[in-house]
There are 2 protein chains.
Amino acid sequence: MAKKQKPTDSELEILQILWEGGASTVKAVNEKLNEKKETGYTTTLKMLQIMFEKNLVERNENERSHVYKAAINKDDIQKLLLDKLLETAFSGSAANLVLHALGNSNPSKEELTKIKELLNQIEKERK
Amino acid sequence: MAKKQKPTDSELEILQILWEGGASTVKAVNEKLNEKKETGYTTTLKMLQIMFEKNLVERNENERSHVYKAAINKDDIQKLLLDKLLETAFSGSAANLVLHALGNSNPSKEELTKIKELLNQIEKERK
DNA sequence: CATCCTTTACGAAAAGTTTCGTAGTTCCCC
DNA sequence: GGGGAACTACGAAACTTTTCGTAAAGGATG
């Protein structure tokens, strides 16, 4: 069962690794983590254990090296965090957030096309 | 001088109040805060003092009741938080974030138009 | 089977955030 | 000018998050 509480920044880093690389051992997660920042093995282990208690991850204990995987959906968390940001920093104005995001980024042609399609679709439904 | 560090959730709540209502006394901030959640007066005071030390807010001590105002720009914080979210939860794909935001919201006709204009402008610059 | 390596478990320190009690100051008003 | 109300300052408690040291268990190997 997915959790409805916002993961911390560190937890999110780990979730990102699990979403991207699928089920992984502590060792694997730690190595990925260390590509970005120095992190002790037991630190990573402890994080995963805590996340396990919070039901943020599941684990398979069949092997000696437990295998962890994300217990929550990436889309759900994206929505959760986006909604929160929208509310706390953008006073609920999604359009404003979108304008900011587009302004500060450099979307590819394909991405632009996708966004336009979505806009057209929204307008069509509106009629 | 603006800060480059992410404000905490509580700090953001207070900043929001200051951005919206302009320079305010502790009392005023506390009252606004209490519309949302019970918060002791000294708690709010302490938060503002801490934020002052972090240079998140400025204060005018001329009057007996100090008057606080945001020392950082709303746009800057929006950008900071958005960039962070983009990186940590959306793997850097702004288009993906935008699609999520548009999908979960209900933008007005005017907002849709503004977004489209920005898209067109981006495409024009691209050429 | 003694030793080494990998791994888990656990407690606790370190760091950061939030809340609040208490004390002291200033100002007002009777 | 004494007492109370409105404030500020400050320290410390309560929590949460992050990091890591140490112990112990499991497995592999000479």
Side-chain angles (χ1 to χ4, degrees), chain A residues 3-18 23-69 72 77 80-81 84 88-89, chain B residues 3-18 23-69 72 77 80-81 84 88-89:
Chain A
K3 276 298 291 279
K4 273 302 148 217
Q5 212 203 339
K6 191 172 89 160
T8 67
D9 286 349
S10 294
E11 287 168 350
L12 196 54
E13 279 180 346
I14 289 178
L15 285 172
Q16 196 70 257
I17 288 171
L18 294 177
S24 313
T25 61
V26 175
K27 192 180 172 194
V29 171
N30 185 241
E31 277 164 6
K32 278 266 177 60
L33 226 37
N34 271 276
E35 289 171 9
K36 283 203 170 184
K37 63 171 187 184
E38 189 134 329
T39 310
Y41 181 89
T42 52
T43 301
T44 303
L45 172 65
K46 182 68 166 185
M47 282 302 302
L48 282 165
Q49 287 170 341
I50 289 171
M51 290 169 76
F52 177 65
E53 279 166 22
K54 292 187 184 176
N55 292 310
L56 288 173
V57 298
E58 295 164 4
R59 76 178 172 194
N60 182 330
E61 306 181 11
N62 290 347
E63 300 299 314
R64 183 151 110 77
S65 301
H66 299 173
V67 174
Y68 289 84
K69 70 171 190 182
I72 51 180
I77 292 297
L80 188 72
L81 295 176
K84 178 122 190 173
T88 59
Chain B
K3 276 298 292 279
K4 273 304 149 223
Q5 210 203 339
K6 190 172 90 160
T8 67
D9 286 348
S10 294
E11 288 168 348
L12 195 53
E13 278 179 346
I14 289 178
L15 285 172
Q16 197 69 257
I17 288 171
L18 294 176
S24 312
T25 61
V26 176
K27 191 180 171 195
V29 171
N30 186 241
E31 277 165 7
K32 276 268 178 60
L33 227 37
N34 271 277
E35 289 171 10
K36 282 202 170 184
K37 63 172 185 185
E38 189 134 331
T39 310
Y41 182 90
T42 52
T43 302
T44 303
L45 172 65
K46 182 67 166 185
M47 283 301 303
L48 282 165
Q49 287 171 343
I50 290 172
M51 290 169 76
F52 178 64
E53 279 165 22
K54 291 187 184 175
N55 292 311
L56 288 172
V57 296
E58 295 164 2
R59 76 178 172 194
N60 182 329
E61 304 181 12
N62 289 348
E63 301 298 316
R64 185 151 108 78
S65 301
H66 300 173
V67 174
Y68 289 83
K69 70 172 191 182
I72 51 180
I77 292 298
L80 187 74
L81 295 176
K84 178 119 189 174
T88 59

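Residue numbers start from 1 in every chain, and the chains themselves are labelled A, B, ... in the order their sequence lines are given, proteins ahead of strands.
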Between [atom1] of [X] and [atom2] of [Y], what distance do you get to the nearest 0.5 Å?
X	Y	atom1	atom2	value
Gln49(A)	Met47(A)	CD	CE	11.0 Å
Tyr68(B)	Leu56(B)	OH	CG	12.5 Å
Leu15(B)	Ile72(B)	CG	CD1	4.5 Å
Asp9(B)	Ile14(B)	CG	CD1	12.0 Å

To the nearest Å, give me how far apart [atom1] ([X]) and [atom2] ([N]) are.
X	N	atom1	atom2	value
Lys27(B)	dC7(D)	NZ	C1'	11 Å
Glu13(A)	dT18(D)	CD	C1'	11 Å
His66(B)	dC27(C)	NE2	P	11 Å
Lys54(B)	dT18(C)	NZ	P	7 Å
Glu11(A)	dT17(D)	CD	C1'	8 Å
Lys6(B)	dG16(C)	NZ	C1'	13 Å
Leu48(A)	dC20(D)	CG	C1'	15 Å
Asn62(B)	dC7(D)	CG	C1'	16 Å

### Task
Check whether any side-chain heavy atom of Ser65(B) sits under 4.5 Å from a side-chain heavy atom of Val26(B), and report yes or no.
no
#### Entry: Ile17(A) and Leu33(A), any side-chain heavy atoms less than 4.5 Å apart
yes
### Message
Please determine whether the number of non-hydrogen atoms from other residues, nucleotides or ligands lying under 6.0 Å from atom CD of Glu61(B) exceeds 12.
### Response
yes
Show the nearest heavy-atom pair for residues [X] and [Y], with the distance to one decimal.
X	Y	value
Leu48(B)	Val57(B)	O-CG2, 3.8 Å
Leu12(A)	Leu81(A)	CD2-CD1, 3.7 Å
Gly40(B)	Asn30(B)	O-ND2, 3.5 Å

### Query
Under 3.5 Å, is there a donor-acceptor pair between the side chain of Thr25(A) and the main chain of Ala28(A)?
yes
### Message
Closest approach to the side chain of Leu45(B), judged atom by atom: which nucleotide of dT8(D), dT18(C), dT18(D) is it?
### Response
dT8(D)
#### Entry: Ser10(B) side-chain N/O to dT17(C) phosphate OP1/OP2 under 4.0 Å
no
### Task
Look at Gln49(A) and dA9(C) and indicate whether a side-chain polar atom (N or O) is within less than 4.0 Å of OP1 or OP2.
yes
### Task
Determine to 10° how strongly the helix from dC1(C)-dG30(D) to dC30(C)-dG1(D) is bent, judged from the axes of its five-pair ends.
20°
Review item, nucleotides 11-14 of chain D N/O atoms under 3.5 Å of protein N/O:
unit_1, atom_1, unit_2, atom_2, d
dG11(D), N7, Lys46(B), NZ, 3.3
dG11(D), O6, Lys46(B), NZ, 3.4

## Note on the structure
Residue pairs passing the salt bridge (charged side-chain N to carboxylate O under 4.0 Å, His left out) test with at least one member in residues 26-36 of chain A, sequence neighbours excluded, are none
### Message
Counting only heavy atoms and a strict 4.0 angstrom limit, can you tell me which residues of residues 29-44 of chain B come near DNA chain D?
### Response
Tyr41(B), Thr42(B)
### Task
Go through the structure and list residues passing side chain to side chain donor-acceptor pair (under 3.5 Å) with Lys37(A), not counting sequence neighbours.
Glu13(A)
### Query
Can you give one letter per nucleotide of nucleotides 24-30 of chain D, going 5' to 3': B for a protein heavy atom under 4.0 Å from the base, S for sugar-phosphate only, - for none?
-BBS---
### Qualifying residue, where the test is side-chain hydrogen bond (donor to acceptor under 3.5 Å, both in side chains) with Glu11(A) and the options are Gln16(A), Lys6(A), Gln5(A), Lys54(A)
Lys54(A)
